[in-house]
Colleague: 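Before I ask anything, here is the structure I am working with.
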There are 2 protein chains.
Amino acid sequence: MISLQHIKSPKPEDLPSELEGLRMTKQRREVLAIILGERDHPTANDVYVRAQNRMPTISLATVYNCLEALVSHHIVRQVNFERESSRYCPNLEDHCHFQDEESGIIHDVIFKKGVKLEDFLELPQGTEINHLEISLKGRIGSE
Amino acid sequence: MISLQHIKSPKPEDLPSELEGLRMTKQRREVLAIILGERDHPTANDVYVRAQNRMPTISLATVYNCLEALVSHHIVRQVNFERESSRYCPNLEDHCHFQDEESGIIHDVIFKKGVKLEDFLELPQGTEINHLEISLKGRIGSE
DNA sequence: ATCGGAATTAGAATAATTCCAATTTCTACT
DNA sequence: AGTAGAAATTGGAATTATTCTAATTCCGAT
């Protein structure tokens with residue numbers, strides 16, 4: 001994938017017919033376009049509701065299927081906060097998430113340049129990390 | 001709470017009648033003793049099953065109630081991995097969790113001494129973090 | 001002892017997600 | 001272009017973890 005990262009709001013029909021080895025069906029393109037469009041970390045249900053505008057017959061099961069396909073092909077990321085419903089994020093850069101408890105809005109938070117996991121965690125040596133999720137909650141200072 | 005941290009397997013009846021302002025009922029003591037005993041990050045259902053040995057009439061709802069009481073009084077911590085069921089951890093030190101994908105076992109991982117969040121995250125200034133959860137998954141090197 | 005609030009209980013309800021079986025749509029091959 | 005087989009979609013049912021509810025029980029303070 002060259003730079004979907006920086007394509008803000010592609011029309012679904014402008015998305016390629018295959019991405020990362022995943023065949024892009026009409027529904028998958030619609031779902032991906034929604035996630036690339038409003039980057040507000042929507043839930044599956046949010047995506048479903050938005051998708052219905054252009055595609056009134058899409059089903060929620062399909063939205064879940066599409067999301068799982070996109071996630072497992074590393075085209076979008078799944079984001080979890082405690083036991084809330086999963087959210088989806090098109091930013092594939094290494095980053096984590098901060099949820100403002102006031103507004104509920106989720107912000108991407110990037111790592112300081114050059115920081116590696118081993119720099120701040122006492123990892124048992126030989127550990128191979130396949131997945132990392134950092135979730136923060138709090139408030140944004142109001143001064 | 002002085003040092004429940006280091007009390008390995010207290011008998012429920014040895015736990016105090018109040019902790020952190022929370023009245024410790026028979027059931028809450030049982031649940032807490034289980035979590036302090038086997039520190040294997042049990043789920044609510046695990047706790048329920050274990051509790052039934054000594055207390056056959058305890059209900060799952062009560063286990064959930066007790067866990068929520070203990071968590072909200074900062075006596076135990078709730079641990080989440082993606083959308084798996086929550087697990088519970090008596091270690092209140094600042095730490096995060098690593099799940100070995102092979103065995104499913106969860107290990108506590110501590111931070112390098114003196115490391116602060118701002119050292120590795122580009123936090124928008126003025127952010128006040130109330131909650132932080134870091135979950136890692138991977139494998140433990142086998143050499 | 002007893003009153004009142006808090007805790008416990010069993011079971012129903014909910015929410016998010018997954019499963020299922022029946023269609024529909026693609027893709028590849030003739 | 002026509003068609004078989006595979007893959008994707010669909011609606012609805014099922015599942016799972018958790019929360020809610022209403023009735024009972026418990027416990028500490030009067």
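Model, not experiment: these values are computed from the prediction. Just so we're on the same page: letters track the sequence lines, and every chain starts at 1.
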Colleague: Does NZ belonging to A:Lys112 count more than 12 external heavy atoms closer than 6.0 Å?
Modeller: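 For A:Lys112, atom NZ is crowded (more than 12 foreign heavy atoms under 6.0 Å).
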Colleague: Between A:Thr62 and D:dT10, is there a contact of a side-chain N or O with OP1 or OP2 at under 4.0 Å?
Modeller: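 Yes.
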Colleague: Rounded off to whole Å, could you give me the CE-to-C1' distance for the A:Met24 and D:dA7 pair?
Modeller: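 One finds 15 Å between C1' of D:dA7 and CE of A:Met24, rounded.
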Colleague: Please state how far atom CD in A:Gln52 lies from atom P in D:dT9, giving the value in whole angstrom units.
Modeller: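 In whole Å, D:dT9 P and A:Gln52 CD are 16 Å from each other.
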Colleague: Can you tell which of D:dT18, D:dA8, D:dT10 lies closest to the side chain of A:Thr25?
Modeller: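 Of D:dT18, D:dA8, D:dT10, D:dA8 is nearest to the side chain of A:Thr25.
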Colleague: So, is A:Gln27 near the phosphate of D:dT10, with a side-chain N or O under 4.0 Å from OP1 or OP2?
Modeller: yes
Colleague: Once you apply a heavy-atom cut-off of 4.0 Å, does A:Thr57 come out as touching a base, just sugar-phosphate, or nothing?
Modeller: sugar-phosphate
Colleague: Output the rounded distance in Å from CD1 (B:Ile58) to C1' (D:dT25).
Modeller: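 Atom-to-atom, B:Ile58 to D:dT25, this comes out as 15 Å.
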Colleague: Using a strict heavy-atom distance below 4.0 Å, which residues from residues 80-89 of chain B are in contact with DNA chain D?
Modeller: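 Residues of residues 80-89 of chain B that come under 4.0 Å of DNA chain D are, in numerical order, B:Ser85, B:Ser86.
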Colleague: Would you say the side chains of A:His41 and A:Asp108 form a donor-acceptor pair under 3.5 Å?
Modeller: yes
Colleague: Checking all strands, does B:Asn65 fall into the base, sugar-phosphate, or nothing category for heavy-atom contacts under 4.0 angstrom?
Modeller: base
Colleague: With a 3.5 Å cut-off and no angle check, do the side chains of A:Thr43 and A:Asp46 form a donor-acceptor pair?
Modeller: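 The answer is yes; a qualifying pair exists.
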Colleague: If you find the nucleotide of DNA chain C closest to B:Ala61 and the one closest to A:Lys26, which residue's nucleotide is nearer the 5' end?
Modeller: B:Ala61
Colleague: Between A:Arg23 and B:Leu60, who's closer to the 5' end of DNA chain D by nearest nucleotide?
Modeller: A:Arg23
Colleague: Are side-chain heavy atoms of A:His73 and A:Val71 found at a separation under 4.5 Å?
Modeller: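 The answer is no, as the side chains (C-beta and beyond) never meet within the 4.5 Å cut-off.
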Colleague: Are the side chain of B:Gln99 and the backbone N or O of B:Gly104 linked by a donor-acceptor pair below 3.5 Å?
Modeller: yes
Colleague: Inspect the contact between B:Asp119 and B:Lys116 and indicate whether a charged nitrogen and a carboxylate oxygen are less than 4.0 angstrom apart.
Modeller: no
Colleague: Would you compute the distance between atom NZ of B:Lys26 and atom CD of B:Glu13 and round it to the nearest 0.5 angstrom?
Modeller: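 So the gap between those two atoms works out to 11.0 Å.
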Colleague: Between B:Ser72 (side chain only) and B:Glu68 (backbone N and O only), is there a donor and an acceptor less than 3.5 Å apart?
Modeller: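 At least one qualifying donor-acceptor pair exists.
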Colleague: Under a criterion of less than 4.0 angstrom to any heavy atom of chain B, what are the 5'-terminal and 3'-terminal contacting nucleotides of DNA chain C?
Modeller: C:dA6 to C:dT17
Colleague: With distance as the sole test, does A:Arg77 use its side chain to make a donor-acceptor pair with the main-chain N or O of A:Cys89 at under 3.5 Å?
Modeller: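 Not a single qualifying donor-acceptor pair exists.
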Colleague: Roughly how many Å is it from OH in A:Tyr64 to P in D:dT15, rounded to a whole number?
Modeller: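 In whole Å, D:dT15 P lies 18 Å from A:Tyr64 OH.
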